[in-house]
A.B. asks: 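What follows is a single structure, and I will ask about it in a moment.
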Amino acid sequence: MDCTDARQLLPFATCQERELDGTERQALSAHLDSCPECAALLDGERAADKTLAKAMQAVPIPLGLQQRLMHRLQHSRPRRWLAKLAAAAAVLAAVGLGLVYWWPVPNPNFDIDNFPEVVSAKLAASAEKVEAEFAKQGHVIVAPRHFNYDLLDSFDVTMLQDRQVPRLVFFVRTGEFAAQAQVFILSPRNFNLTAMPQETFRQPTSGHIIEVLDNDGSGYRYVVVYTGGSLDPFRQRGSI
Amino acid sequence: MGRPGPMRRIDDLVEAYYVSLYRYAYRLSGAAAEAEDLTQEAFCQAQAKLHQLRDPERARGWLFAILRNAYLHKLRDRKMENQISLDVIGELPERPSEPLPDVEPEQLQKALSELPEAFRTPIILFYFEDFSYRDIADHMEVPLGTVMSRLARAKSFLRGKLLQPAGALSAREEDA
């Protein structure tokens, strides 16, 4: 083993020697026996680790912390007897007054057998084909014509503001440049789009740009969330 | 005797891990009150999701992940930007460094607070709780190589800061 290889293993030999297998440990040990420089590096690392570990672990624990934690946990959990009493009172009220009472529904089991089929984007390399694929799943849409569907990476239906919204994801990579555009297809059947302005703005946290596009005559709007600074790489050649 | 119910299990988790979880929270946040809030938040979430913990052996990693996510959530909400750039944090030197004197915990915390969270978490976990490199990589959901690199750079940064004489300018003050 030479110094280059030994120094790559040094971090594993400071206080985590179990992370080296037997062969590596032996080879490293043999090298350190014959290389004062590497041995000195390891000694220095171990000493620094010991000092930093001691300081890192010196955190005073507040008095009564465990009791406060337990107290708050106990009070954040609903009492079983109170929940049963409330349930009984609700049933009595419903029976007595003939009212229907909303009962909290437990979360459903996830049904892996009915997981929706993932359709390859390669089957839908045009707006018309995308519309046909969505129609098979019961979603009638008008897909945007502005985009280059050779760049379509995937499409699905997602939830947006409590509505099912078809979504197209385009991805472009040219050399070092890579960008993604997600197109949310808003239908006038699901949203009131008449007052929706066509605008462009940047999300303050992520830096993604959001642009609202129109499809003249269809009533649809397309909300496009993209990276890369411009929609031009995603556009069909010749489109505006 | 029947199987312990969920409440007894959260009792067990608190007893077993509240100290290490609080220490982690303290080193992440740098403040006792916030550390206690984060610890409380972590245990409350753990109580609500106890059914997800199928292997008790994984409880520690699970709790630490919950706490870290709670901390990151707070950071995003507050848009905290008082850490130095990742570019300033250099590589580990190839020759032995000057020996570190004994470090005051407050001095360490000040230096830690200047590290971005992505570098602070691995070095905190490395120095206590016996987290292996693999444990840290799993916790942060990054490759092992990334953990090694960040650890090396964070150590180098801390060493540089802790070897400075008391009252020396911070990196940000020097840049001003």
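Each chain gets a letter, A, B and so on, in the order the sequences are listed, and its residues count up from 1. Please read all numbers here as calculations on a predicted model, not as lab measurements.
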A.B. asks: Let's test your reading of the structure: which of A:I61, A:D43, A:V59 forms the most heavy-atom pairs below 4.5 Å with chain B?
C.D. replies: A:V59
A.B. asks: Would you call the rings of B:F131 and B:F64 parallel, tilted or perpendicular, where under 30° means parallel and over 60° means perpendicular?
C.D. replies: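 B:F131 and B:F64: tilted rings.
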A.B. asks: Please classify the contact between A:K50 and chain B as side chain, backbone, both or neither, with a heavy-atom cut-off of under 4.5 Å.
C.D. replies: neither
A.B. asks: Between B:F119 and B:F157, does the ring centroid distance fall short of 6.0 Å?
C.D. replies: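 No, they do not, as the ring centres are separated by 6.0 Å or more.
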A.B. asks: According to ring pair (Phe, Tyr, Trp, His ring centres under 6.0 Å), does anything in residues 42-63 of chain B pair up with another residue at least two apart or in another chain? List the pairs.
C.D. replies: none
A.B. asks: Between B:E106 and chain A, which part of the residue has a heavy atom less than 4.5 Å away: side chain, backbone, both or neither?
C.D. replies: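 Neither; nothing under 4.5 Å.
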A.B. asks: Could you give all pairs that pass the salt bridge (charged side-chain N to carboxylate O under 4.0 Å, His left out) test and reach residues 43-57 of chain B, with sequence neighbours left out?
C.D. replies: none
